[in-house]
Structure formats: structure tokens, C-alpha cells
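Below is one structure, written out as C-alpha cells; the observations come after it.
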Amino acid sequence: MKIICIGGGPAGLYFALLMKKQNPSHQITVMERNRPYDTFGWGVVFSDQTLGNLMEADAPTAQTIEASFNHWDNIDVFFKGRKVRSGGHGFCGIGRKHLLNILQHRCEELGVQLVFESEVTDERQYDADLIIASDGLNSRLRTRHAHSYAPQIEQRHCRFVWLGTRKKFDAFTFAFKQTEHGWFQAHIYQYDADTSTFIVETPEPVWRAAGLEAMSQEESIAFCERLFADQLDGHKLISNAAHLRGSAMWITFPRIVCGNWVHWNGAIPVVLMGDAAHTAHYSIGSGTKLALEDAIELARCFAQYPDTAAALAAYQQLRAVEVLKLQNAARNSMEWFENVERYSAMEAPQFAYSMLTRSQRLSHENLRLRDAAYVGDYEHWFAHRAAEQAGVAAPAGATPPMFTPYKVRGLLLKNRILVSPMAQYSAAEGTVGDYHLTHLGARALGGAALVMAEMTCVSADARITPYCPGLYAPEHTLAWKRIVDFVHHSSDAAIGVQLGHAGAKGSTRAMWDGIDQPLPKDNWPLLSASEQQYLPGVSQTARAMSAADMARVLEDFVRATLAANDAGFDWLELHCAHGYLLSSFISPLTNRRDDEYGGSLENRCRYPLRVFATMRAAWPAHKPMSVRISAHDWVEGGVTPDDAVRIARLFKAAGADMIDCSSGQVSKRENPVYGRMFQTPFADRIRNEADIGAIAVGAIYEADHANSIIAAGRADLCAVGRPHLANPAWTLTEAARIGYKAVTWPKQYLAGKQQLERNHGR
């Protein structure tokens, strides 16, 4: 096979040497526009796992690289005058130029032809069987064949500059500095015997406000030296990009995703690899890793599939999934650094923990495996801080974050886990009975601090189905009181209720009989912010609410609020999510009104806020109230996470204590991005930008998830739904699984506690 690699970076060189090693008869040429052994940049970073992949692919190359590495295990975070260190991270750095020299030497050793100072203007000039487009971030081949590759290129929000210094650092160092204009941060790591990479980064508005746009290269470097003088200890910062003038040295990061990685020029495939195909933010050090692993996978595919088309199809299918995982983690990391201001109110220990776990790949238990002492110290700090805030005695031993107390108004929760409100469709004419007593009672005994009853409807025509519970008749209150009394008398859990109105999603069948499908008969009329059918052509048409409708529904919510207090509930939540009535006002997808309740976000929230404020006035001042919102409609033109922060601020001003951060279910056109803890970023933003308590919900199914979320300050409480359906004692089970024994079990179940802990201990 005749192979041309256009671009002599890590991807092109490594693929060339792997293919030549695989079959020495291949004719392989690497075309590079720069001079021999000439490159820009400072050091690159690998994890120990990446080095293992290289060792398996080509041991001689890996051994040479490893011998040149600067290894470190520690990460230091400097914030507000404090240093937080954690260990066990297993990173290594090498100069980019040195890495390329190693790859070039190995290529020459195997017989790969290297051609330098050669600009490829048209790949069709080569008589090749395979062309690799490894021509980097600004790939000309990707641009030329954009119709095939379908690239999406998004310029991100920070300006950054790659610099170096002769100061040696014994840890991967992150330094954060606040200026009158905003926050700057430095990413610092040593990569050879006497040189460290020193990346300075800041949001573009801060960069402009600081005057860096107008500075020369020398002035910019001097600015950075003054700003990070504490880390530099008198050492200078160095630039190796003399060809860049002034502000051109400060660049933005392009996030690149390609729909296809292969373009066919007739029978000749042109295959994207490395930065030409995708980028991952430097804050997780993965650009070079991705490039090398692209090369490994494509070489493996050619070894496995004799047919070129099949090999390329397998390459894209396999690598696209792995790259997407890493790009998603890199995006989380990148967005954290773009929004340091969001976390700047945190104390240094929590700020550092938040930074370490920013990608959501590194969790609480991952950190414990790396550095048990660090996690133990952090748990001690967090638990004492939580106890102080809750007004209780500090624990004697280490306490996982999810088991620390939390106080809201007059209610003290024993831990940070609540049972989500989950529709059961098992009431009779709005009245709950033995099923709900068993369902909620079992979960109250199962270790959660707060058990939330499902959406309970404020009138008969507010129900989703004929089987939904209500609080609109005296018998409803008495039935609920029986359950509340059981929870209070038989457990140490609190119990809350979520009040709502189905709106356009009402008068439907039970979920197992056809979710969102209208009743076959005896339907009742529906209301919404504007006329709509939730399922076009299927659902009933809900009419737009009139002023009289609003007044009546408001009275229904207040009556239900008073009934909830009479029943003895400890917590009240208003349902303003998932396309139900109050949600239909908030989302522009369902609110097309032209009166004072439509148009701007503030106008769209006007009626839900009016309902909430009236309920808050009727609900006892010592009892908490939360609001569930859809923080993202997942539809273009709908509510966005930016909107969600504004919505949270409006409800906070109206007296809300917490925001329950769900998403979606407003439109059947939604396209959510699922994954573990996929809605937690919404809680993170609302808690840390709107400065209000937040409840994280959505694919939280392990103690490790909850501990990571709570410890990092991404939410104050975690709502766990489906796992509690499968296991009413999920909280107690997870405590045993992670080895935390200082948790209270019902005395009747203590024998089970001992056996469960023994079994998990084994």
C-alpha cells in the first residue's frame, strides 16, 4: 500500500511508523511544511494509561518516550492565598519538540520517508492508495472537503497564551489570581530537566478589560510575570512564538467535531486524524493522546480488515465513540475554566475539589484511590463545615459528604439524599391509600433524609391521569395525614409533597397503558398558557387560560398548600417543570401570549411567580419551599441553561429556598444529551450563579455520584428516583457498600445492617 501522511505532527508520524512496522513493504511518506526538527509549542502531557497504550502499540518508541518523561503525581491548586495539594494522579510531561524528534527518528529507523518544507496544495497530485489528513487544527484538507467531513467549529470564550519558564515545578500547578477586571489562571507543569510550560488563560472580556489586546508581546509577558510573581519566584516567562506579534500570541480554543472522518477522492480515501478531526481542551491534556490513539486504532483496523473501506468504517465507528467521551469530559473541564468566577465564592478546599472533579470523569472514590489522605482530610473539613452550618455537633470520625446534615429554614435533614417525587398512578379519585403508605413508608425507612410524594394535584381537572393523588378534598388531607404520621412516628426522615397542575398534559392514561395518550373516554377540559396539543394530532387541545382561570387555579394552589400543612408535610415543592401548566408559561415553546404573561422571560414567569408567592405566604415560615424547573428544554428556541439561572433568581426573590433542577419533557421535539449525572451541570450553575440552594437530579445512581456532587458544591441535595424504585433502602445499601457504618437504621432492621456490612466488607 502506498500511504501519504500530510502533516508531520504526532498523528501522522505515529501512524506512519505503526503501518511500516506492521508491513515493511508499505511505501509511506510523511509530508511536513515546516523544516526538519522544527516545531512550535512547549510540553505535552500524558497519563500513565496513555503510556500503557503506547507501550502495547510500539515498545521501542514508548520506552524512548518514557525515558524522556518528567513524572509527577501531585496537583497543587493556589487559590485565595492557600495551597491545596492532592497526590496519586500519575502524569508525565515531555517537550513537544522532543516527542516529535523521537517519532521522526523511529520513522526513519523503520524506513518511512520524511519530506520537509513541502506545502501540499492538492492531495490529488499523489499516486496513493491512502492519504492521511493529519495537518492539524487549521487543516486545509478538512476545509477543502468540508462538504464531506461536515466539521463543526466553535471558538470558545477564553484567551490563552502558551509560555514557558526555567522554574522547576514538582507538581502540576494551577494558580488563580483575581484582578480588578476578573480572574486569570495559569496551568503549569515541568516537562524536561529545566523547563516548564506556563499557560495563562482568562475570559475574553477580562482580557480586553485588562488592556492585553493593545499590548505588545513583551508587555503581555511582563503583565503575566507580575500577576504570577508568587509562582515564578523571580524567574522569567519565555515565548517561543517570535513570529507572533502583540495580541496575536493570545488565542482562543476551537472545539472541533466532524460528522465524517473519511472523504473519497474517487477510489482514494482521505482520512482525518488528530486535531484535523477533533480537538479536546488542553485543560485535560488530551490533544496529543487523541492523535496517537487515532493512529493506533487506524493501524489496528487495517490489520484486522483486509478491505480498506471496511477498515475505515470500523476506524470511524470505534474512534468516534471514544473521542466523544473524551470531548464531553474536556468540554466540562473547559467550561469550568471559562467560568472560574462562578466558583470564586467557595473556600479554597472546596474550590480545589471542584476543579479536580470538573470533568466528571474523576469522582470521589477515584480521588480516594489516588490519595486517601487527601480525601480523608477533605471529608473532615467538609463535615465540620456542614455541621457548623446546620447548627449541630461535628462528627467524631470521617463522614462521606452525602451523609452530612443540611438545614433549610427550620428543617434539619440528616443527610443530603431525598427520594424524588415519582408518579405512581395508584390513587382512587385523588385519595391515597395503603399502596402509598407502603411505597413512601418503605422509602422513609430506607435511609433518605427526605421522602417526596409525587406530583399531587390541586384540583380534579389538574390531574395527569384519573389515578393521580390530590389535595383538593377533605378526605385527601386525612389520607395524606395517615402517611405523614407514619413517616414521622416510624422513621427519622422528613416528608414533603409536590403540588402541581397537569395543564395540557392532563386527562391521559396511566403510564403503563400508554404514556401521554388521552383517555379513551370521560376526558376533562385542559388549560395551558396558550392553546396547544402536547402530542400534535393526538392529545386534546388545551385552551389558553383566561384571567378568571388564573384566579381559580391560584385559589386551588393556595387551598392545597393549606391542606398540605394540615396533613403535616415538612416540605412543599411547586412543580414548574416538564410541560405542565406552570411550565407552559415559562417556556417560549408553549407560551405565545401577547399580554403581560407572555413575551419576555420575566413576563412568562409572572404567573408562576404569583402562584408561588401566594403559596409561600400561606405556608408556615419555618417550613421550606422548593421549585422544580426544566432547566433546559433541549429544543432550539426553548429554555436554556442561561435562562434557568435567571428563572432561579426570580424564584429566589419570591422566597424560594431551593431549585429542583430537572430538564426537558416540555416538547416531544426534545433531543437530550443523556449520561450519568447529565442534569447536574444545571444544578451547578443555579447554585453557584444564582446563589440559591440546588437539588441535583437525573442518572444519579451511586453513592460515588452523590458524594462527588455534594463535595464539589454542584448541588446541596441529590434527588434519587429510579434507584429508589428498585431498592427502597438505596441510601442504607450505598452506605454499606462504601463502608460507612455510622448511619442510623430502623432498630427492627439492625440484623440486616450487620450482614450487609459484612458482605460488602468481603
Side-chain angles (χ1 to χ4, degrees), residues 418-444 448 450-488 493-503 505-513 515-516 519 522-524 526-527 553 555-583 611 615 619 625-628 660 662 665 719 721 724-725 728:
L418 64 91
V419 177
S420 288
M422 296 174 286
Q424 299 297 293
Y425 308 118
S426 298
E429 298 298 328
T431 303
V432 293
D434 289 348
Y435 175 82
H436 281 85
L437 175 66
T438 304
H439 169 67
L440 295 169
R443 283 147 187 85
L450 174 64
V451 178
M452 289 296 297
E454 68 202 85
M455 187 176 101
T456 299
C457 304
V458 298
S459 62
D461 64 348
R463 292 175 296 170
I464 307 168
T465 76
Y467 319 106
C468 290
L471 265 173
Y472 52 86
E475 58 268 29
H476 299 161
T477 306
L478 291 173
W480 277 119
K481 189 174 189 307
R482 175 179 174 235
I483 295 170
V484 171
D485 287 348
F486 175 85
V487 171
H488 287 159
I495 183 168
V497 65
Q498 184 187 74
L499 295 181
H501 189 300
K505 297 176 74 172
S507 193
T508 61
R509 306 171 197 180
M511 176 175 59
W512 44 83
D513 291 329
I515 190 168
D516 296 324
L519 295 170
D522 299 327
N523 286 279
W524 55 85
L526 304 178
L527 297 172
V553 170
E555 290 177 3
D556 291 340
F557 272 101
V558 173
R559 182 182 62 244
T561 299
L562 296 171
N565 188 51
D566 291 342
F569 283 107
D570 304 299
W571 185 296
L572 187 64
E573 180 163 282
L574 178 62
H575 204 326
C576 292
H578 300 167
Y580 296 126
L581 181 66
L582 297 180
S583 169
V611 171
M615 292 170 65
W619 185 244
M625 273 190 74
S626 57
V627 181
R628 172 165 280 204
D660 191 354
S662 188
Q665 301 181 54
H724 272 126
L725 290 178

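Using modelled atom types, one side-chain atom of R463 and one backbone atom of A460 make a donor-acceptor pair closer than 3.5 Å. Remark: side-chain polar atoms of R443 are not paired, donor with acceptor, to backbone N or O of V419 under 3.5 angstrom. Judged by distance alone, the side chain of D570 and the main-chain N or O of I495 form a donor-acceptor pair under 3.5 Å.
Considering every non-hydrogen atom in both C457 and C468, the closest pair reads SG-CB, 4.0 Å. Shown here for T431 and A479, the closest heavy-atom pair between the two residues is CG2-CB, 3.7 Å. Between V484 and G568 the shortest heavy-atom distance is CG1-O, 3.4 Å. Shortest non-hydrogen contact noted between Y435 and S426 is CD2-CB, 3.6 Å. Heavy atoms only, all atoms of each residue included: L440 and A453 are closest at CD1-CB, 4.1 Å. Smallest separation of non-hydrogen atoms from A462 and G500: CB-O, 4.2 Å.
We find the NE2-CZ distance between H436 and F486 to be 15.0 Å, quoted to the nearest 0.5 Å. Here the OG1 atom belonging to T561 is positioned 6.0 Å from the CE atom belonging to M625, to the nearest 0.5 angstrom. Within the model, atoms NE2 of H476 and CG of D566 stand 14.5 Å from one another, a figure rounded to the nearest 0.5 Å. Taking CG of L574 as the start and CE of M455 as the end, the distance is 10.5 Å to the nearest 0.5 Å. Atom CG of L450 and atom OG of S420 lie 10.0 Å apart (nearest 0.5 Å). For the atom pair W524 CH2 and S507 OG, the distance stands at 4.5 Å (nearest 0.5 Å).
Side-chain contact between H575 and L499: absent, with no pair of heavy atoms (C-beta onward) separated by less than 4.5 Å. Put simply, the side chain of P469 reaches to within 4.5 Å of the side chain of E454, judged on heavy atoms. Residues D513 and Y425 form no side-chain contact, since every pair of their non-hydrogen atoms from C-beta on lies 4.5 Å or further apart. Using a 4.5 Å heavy-atom cutoff, the side chains of L418 and W571 are not in contact. Looking only at side-chain heavy atoms (C-beta outward), R628 and L582 stay at 4.5 Å or farther from each other. In this structure the side chain of I464 reaches within 4.5 angstrom of the side chain of Y580, judged on heavy atoms. You'll find the side chain of H501 stays beyond 4.5 Å of the side chain of D556, heavy atoms only. Residues V458 and R559 are not in side-chain contact: their nearest non-hydrogen atoms beyond the backbone lie 4.5 Å or more apart.
For residues 465-478, no residue pair satisfies the salt bridge (Lys or Arg N to Asp or Glu O under 4.0 Å) rule, not counting sequence neighbours.
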Query raised in the report: Where do R509 and L519 land on the side chain to side chain contact (heavy atoms under 4.5 Å, CB included) test, with the steps shown first?
Result: CA-CA 5 Å; R509 306 171 197 180; L519 295 170; 4.2 Å; yes

Requested in this report: Please step through side chain to side chain contact (heavy atoms under 4.5 Å, CB included) for the pair K505 and T465, ending with a clear verdict.
Outcome: CA-CA 9 Å; K505 297 176 74 172; T465 76; over 6 Å; no

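Annotation: side chain to side chain donor-acceptor pair (under 3.5 Å) contacts of D434 (sequence neighbours excluded): R482.
For the residue pair S662 and H578, a side-chain donor N or O sits within less than 3.5 Å of a side-chain acceptor on the partner.
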